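In what follows, a structure is listed as structure tokens, so that the remarks can point back to it.
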Amino acid sequence: MVDVRRLGRRPGPARYSAVALLRHGVTDRAWEPAWRTRELRRRYDVVIVGGGVHGLATAYYLARNHGITDVAVLDKGYLGGGGSGRNTAILRSNYLTPEGVRFYDRSLELYRGLAAELNFNVMFSRKGHLTLAHSDASLRTMRWRAEVNKVCGVESDVIGPSDIKRLVPHMDITDEARYPILGALYHPPGGIIRHDAVVWGYARAADSLGVHLHQDTEVTGIDVSAGRVTGVRTTRGDIAAPIVVNATAGWATLVADMAGVRLPVQTFPLQAAVTEPVKPFLRTVVVSGTLHVYVSQTARGELVFGASVDPFASYSTRGSLEFTEGLAAHVLALMPALAKLRLLRQWAGLCDMTPDFAPIMGPTGVDGFLVDVGWGTYGFKAGPVAGETMAECVATGRTPDLISAFGLDRFAQGRLVGEKGAAAVGH
Ligand code: PYC
């Protein structure tokens, strides 16, 4: 017999029920934090720097798949306050290289099952994903991507303007459009998800398995002795650890520098914006690389827009009028009917761009210091699979096949992965 007084008291994934939800719905009592505030230990088996979806997923899969629970996730701010909470929550696996397609497809598979896995409503919506082509050159790239996708078993096809109009009735597909639409890459499995719910779900699940989550804990140094990592220094004291994972975005180079590891990464702001909510009318995610814009409609009815990265490297997360003006012009070129919609908010996140637009994952020249960085504009899409593979890397000491192409040594060896052609927009 279930003791209803205990329902919802513990953050463990299995404890929630319809009764608990009803009780929480009618009273504000008994809401407990989804994860606990724990004492910061002076030693952990694994320290993960960065409390976004990558760091939290790595901690979760370390505990869940490998039984490694003496793990601390450190974040200098709050969980999900960086790229995980600032992206436009788009999921897809229609990349250009076989390495990229297989990797992001595993991520999509994990995302599809995430609500059940974590017992947390992450609001995954398989809307389909359209990447428009406005020129012969981009149509050629779409065809190329479609073929690679199909070979890897990923649903993806080039469709023409009349099929686009059927999927997005508000789209201007006439020849009079300023940037006429010649076709699109259609990827039915793509969609959107609620990004902060993904963070909270992983955090709650990791916490319930014994992982320690420490917010407001900034890493200020990394100790290395005789080529091995020995621990981290933080604003709350030193922590000894034989394994340290850099799972930061925006600060990836600064954290790696602390261990003496140089990364071929430059950091750029990426701006996004959201409108007031309107009735649902946009079924799919729509992307135009030429117009540097992507748009989707949330379950609440808001339109979420993103663009290319700002044209200069910076750590600023401020919005700019230039971005808003460009965004409005480009969105209206695609869907003139949106002219009266009001923007509510705009913000920016930081993107760590690598030379080939593929991530940097796995071991470094410093024993025990691993990286999961360089995500450019693809980081959120990769959260679950990055967590799963980094956890395997830490637990077994071997680099899983799925990420073997993404090693740091590829830059010295000239084995670049070349994923720029799959970017939603030109950068
Ligand atoms: O590559 O799909 C993408 C994307 C969406 C937002 C930023 N990048």
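Read the numbers this way: they start at 1 and go in the same order the structure lists the ligands and their atoms. Note that this is a predicted model, so its numbers are computed, not measured. Both backbone and side-chain heavy atoms feed into the values below; hydrogens, waters and symmetry mates do not.
Ring geometry for Tyr315 against Trp251 counts as parallel: the plane angle stays under 30°, on a 0 to 90° scale with 60° as the upper cut. Using bins of under 30°, 30° to 60° and over 60° for the plane-to-plane angle, the ring pair Tyr95/Tyr378 lands in the perpendicular bin.
By the 4.0 Å N-to-carboxylate-O rule, Arg233 lies close enough to Asp223 to be salt-bridged with it.
Atom 4 (C) of ligand 1 has Lys381 NZ, 3.3 Å as its closest protein atom, hydrogens excluded (heavy atom only). At the shortest separation from atom 7 (C) of ligand 1 among protein heavy atoms lies Tyr294 OH, 3.2 Å. The shortest contact between atom 8 (N) of ligand 1 and any protein heavy atom is with Thr377 O, 3.1 Å.
Residues Glu392 and Asn65 bring no donor and acceptor atom of their side chains to less than 3.5 Å of each other. Glu117 and Tyr202 form no side-chain donor-acceptor contact under 3.5 Å, judged by distance and modelled atom types alone.
At under 3.5 Å, not a single nitrogen or oxygen of Thr88, backbone or side chain, sits near a nitrogen or oxygen of ligand 1. Considering backbone and side-chain N/O atoms, His129 never comes within less than 3.5 Å of an N/O atom of ligand 1.
A side chain to side chain contact (heavy atoms under 4.5 Å, CB included) with Tyr60 is found for one member of Asp207, Leu118, Val211 and no other, namely Leu118.
Interface of Tyr378 with ligand 1, defined as ligand atoms under 4.0 Å from a residue heavy atom, comprises 1 (O). Set against the non-hydrogen atoms of Arg92, the atoms of ligand 1 under 4.0 Å away are 1 (O), 2 (O), 3 (C).
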